[in-house]
Structure formats: structure tokens, C-alpha cells
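Working notes, beginning with the structure itself.
Since the structure is predicted, the reported quantities are computational estimates derived from the model, not experimental observations. Just so it is clear, the values below take in all heavy atoms, side chains as well, and ignore hydrogens, waters and symmetry mates. Convention: sequence-line order gives letters A, B, ...; per-chain numbering from 1.
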There are 2 protein chains.
Amino acid sequence: MTKAENTTRQKIVETARALFHEQGYHATGMATILRLAGVNSGSLYHFFPSKEALLEAVLESYLGGLGPMLIDPVEAAFGDPVERIFGLLDQYRQALLMTDFSYGCPIGNLALEMGADDGDVARLIADNFAAWRDAIEGWLSAAFSAKDVDISGLTALTLAVMEGALMQARVAKKIEPFDEAVAQYRKMLGT
Amino acid sequence: MTKAENTTRQKIVETARALFHEQGYHATGMATILRLAGVNSGSLYHFFPSKEALLEAVLESYLGGLGPMLIDPVEAAFGDPVERIFGLLDQYRQALLMTDFSYGCPIGNLALEMGADDGDVARLIADNFAAWRDAIEGWLSAAFSAKDVDISGLTALTLAVMEGALMQARVAKKIEPFDEAVAQYRKMLGT
DNA sequence: GTCTATATTAAGATAGAC
DNA sequence: GTCTATCTTAATATAGAC
């Protein structure tokens, strides 16, 4: 994973990632992935023994991309830990607005669609959530460690607001529920 | 809908509701619904022209059941409007514990799985969310109307906590994230 | 690693007698 | 309204040459 990846494999994972995100896992057929990736069946199954294995690779790519794609840019843009949290929330907000409210959290979507799952997929989803938790918990610790604050609880609430506010705005096809929930959360943080 | 429903139709909707909830919509095959409902293909398609139409009936049943199945019992059990909110949250908590953390919000699950949808299904999901919003907003109004509180924003935050806390506990397969998020929310309400 | 062709099963849905 | 039988297409996956 450290050196440059095989181009074909990479193209397959990126195409699958986009389609799983837009349509969901079960609603996406292998044939569609093959067509959009411009790859033949034999190549895909050379790299991945099954559709589920491909999903696992997608989840690994989310895990690997969390830092470089989301956390690092936000940390570079904002020095204050609390503003980093709102910077992250604003990323979601912008994604909602740019996609006419069709954007959903890729991990949250898969988490709810794959609910019953109990194998590597479930573990990778949990790993992704744990990585998000760690980043947010780090910021909250930096901001509130000296005070009498339940950092772990505040982290759980923060993630709940992110996922729950996104879900509501997407369903209602308007930004208000997201903005309102975030505003209440900000007020609660007391900053 | 006011008189007693056809038994076969009812059985189909109930079976589909359970399977869609446990497995998701796309992961559930018509053959499985037919087998578990003990009904033949011809009967199902007599009542519902398509799988999507069946999903719409399921979503209508959730809408119709929200009051009798969830809101009314909670209102009967708790007089205080704030305790009604926590009574509702405790329903989710109990469901999580009783299902070994496989329980998910049926509407939330479908909302994220059906994201791209744009027809009757999306509208019915939005209607369900709106009905939840109305119930919670009513309780929050009763509790805080006299004070300087953004009732609409607090409603959005409440729903976000419900959905987001449930999602986290389900993914982590433990109750802590749910309890922590709810505790922070309660602290925030200042009651 | 990639190609074409194809196997196999399941999907959603329909036909037409009763 | 219900039955059995079946259609059609799509699904995931494989075979075997190159």
C-alpha cells in the first residue's frame, strides 16, 4: 500500500467506491463497475475474489484516505481545535449543497446498509468509525482537557450530530436541519 | 386503511417490513418474502404491482403505526414532555440491547439505502421523518416554549442524536456511544 | 494480467387456469 | 383472490486461451 498501486486495481476500487457511495452496495452491479472502470471481468476477479472483497478494499481505501483527504486539510486550514470540528462539518455541508442534497456519509451509508453483516466488512466499518472518533476526540481533548468535560461523551455526541444532521438534510432535501442541528451543537459547546 | 385489512395483504406487508428492516431493501428478495409470508407470487402481485410498491406500503405502515406504536405509549407512560423524549430514546436503547446491537432505525436505514431515489419512496421517507419531527417538536414546545429556545433547532438536534447515537452503538456493537451521546444531550437540555 | 465467452443462480415479474 | 408454471433479465462468478 505504500508504493504506487497497480493502475487497474486502483481504477476498479475508485469506480466501486463512487458507485457504492452513489447507489449503495447491493444496488450496484459488478457489470456496471466493469463498464465504468473500462475493465474486463477477468481482470477484476484477478484482483478481488468476490464483490465483498472489493467492498473491503473500498473500506480500506476510506480508512487510508481519512487522514490525507479530510483530517490533514482541516488541520492545515484551522489551528483552533474547535474550529477544526466545524471545518469538518462544513465539508459535509458543502457536499450537501453541491450535490443537491444527495450526498451521504459513505461510511454511514454502508454501516446502515450492511447492518446484519458480521465479518470483515463489519470490522472495517467499525475501524473507519473508530478512526473518525480518534480524530475528533483528539481535537476535543486539545480544546477541553483542562475543564470538567466528558471528552468521550462529547465525541459520541459530535459524531451523532454529524451523521444525524446529514441524514435529515438529505431526506428533507434542504440545508436547514443540518444548520440548525450544528448551531445547537455549537451553542452547547459554549464557544 | 380504517377498516380491518385483507389478511393476505397484511401478512405480505408485515413480512416485507420485517425483512427490509433486518436485511435492507435490496438484500431482500421477493422469493424470501413470499416464502416467509406463506403466499404465492400471484397473490403478492395482485396487491402490489412491484417490489417498490410494496416498499411504499411498508413505509405507509410505518407512518400509520408511529402514533399507536410509539408516540401514544410514550405519552401514556410519561407526563413530562422532556421525559417523553428520553422515553423514546430508551425504546431504541432497549431494542439495541435486545437484538445484540443489530437493531437499526427502520426509517433511517431505508433513508440511507434509498438515497438517490426521487419518487414516492423518497417522499414517504420524508413524510416519516416529518412525523417524527412533529412529535418531538410538540414535546419540546411544551417544555421550553416560554424560554428563549430555538425549538426547531432543538428538534433537529434531537433527531440527529437519536439517529447518530443508534448508528454508532450498532457499529461498535456496544451501548456506550449511545448512552454517552444521550447523556451529553440531556446535560445540554439542562434538565 | 488481460481477454472473450459462458456458466449458474437469483432476481423481479407475468400468464392463464381455477 | 389464489394457484402453478414460467418468462426475462440481471446478478455474481468462472474457464481457459493469450
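Contact between A:Ile12 and A:Ile33 at its shortest, heavy atoms only, is O-CG2, 4.3 Å. Nearest heavy atom pair, residue B:Gly153 against residue A:Glu180, reads CA-CB, 3.6 Å. Taking every heavy atom of both residues into account, A:Thr158 and A:Ile136 meet most closely at CG2-CG2, 3.8 Å. Listed here is the closest heavy atom pair of B:Met30 and B:Ser50: CE-C, 4.5 Å.
When each of B:Gln23, B:Glu163, B:Arg170, B:Glu22 is tested with B:Asn109 by the rule side-chain hydrogen bond (donor to acceptor under 3.5 Å, both in side chains), just one qualifies, namely B:Arg170.
Rounded to an integer number of Å, the gap from CD1 of B:Ile12 to P of C:dA13 is 14 Å. The OH-P distance, from A:Tyr45 to D:dA13, rounds to 4 Å in whole Å. In this structure, A:Leu34 atom CG and D:dT14 atom P are separated by 14 Å, rounded to whole Å. Rounded to a whole Å, the NE2 atom of B:His46 is 4 Å from the P atom of D:dG1. The separation between B:Phe48 atom CZ and C:dT14 atom P is 15 Å, rounded to whole Å. Atom CG in B:Leu19 sits roughly 16 Å away from atom C1' in C:dG12 (whole-Å rounding).
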Identify the pairs formed between an N or O of the protein and an N or O of nucleotides 4-6 of chain C at a distance under 3.5 Å, and give each distance.
| unit_1 | atom_1 | unit_2 | atom_2 | d |
| --- | --- | --- | --- | --- |
| C:dT4 | OP2 | A:Asn40 | OD1 | 3.3 |

Report each atom pair, protein N/O against N/O of nucleotides 6-11 of chain D, whose distance is under 3.5 angstrom.
none

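For the side chain to side chain contact (heavy atoms under 4.5 Å, CB included) test, residues two or more places apart in sequence or in another chain that qualify with A:Asp118 are B:Lys173. Taking A:Asp90 as the reference, A:Arg93, A:Gln94 meet the side chain to side chain contact (heavy atoms under 4.5 Å, CB included) condition, with sequence neighbours excluded. For A:Glu176, the side chain to side chain contact (heavy atoms under 4.5 Å, CB included) criterion is met by A:Lys174, not counting sequence neighbours.
Relative to the axis of its first five pairs, the axis of the last five pairs of the helix from C:dG1-D:dC18 to C:dC18-D:dG1 sits at 0°, rounded to 10 degrees.
Between A:Leu189 and A:Phe86 there is a side-chain heavy-atom pair separated by less than 4.5 Å. Residues A:Ile71 and A:Trp139 are in side-chain contact: their nearest non-hydrogen atoms beyond the backbone lie under 4.5 Å apart.
One finds a salt bridge joining B:Glu83 and B:Arg186 here, because a Lys/Arg side-chain nitrogen approaches an Asp/Glu carboxylate oxygen to under 4.0 Å.
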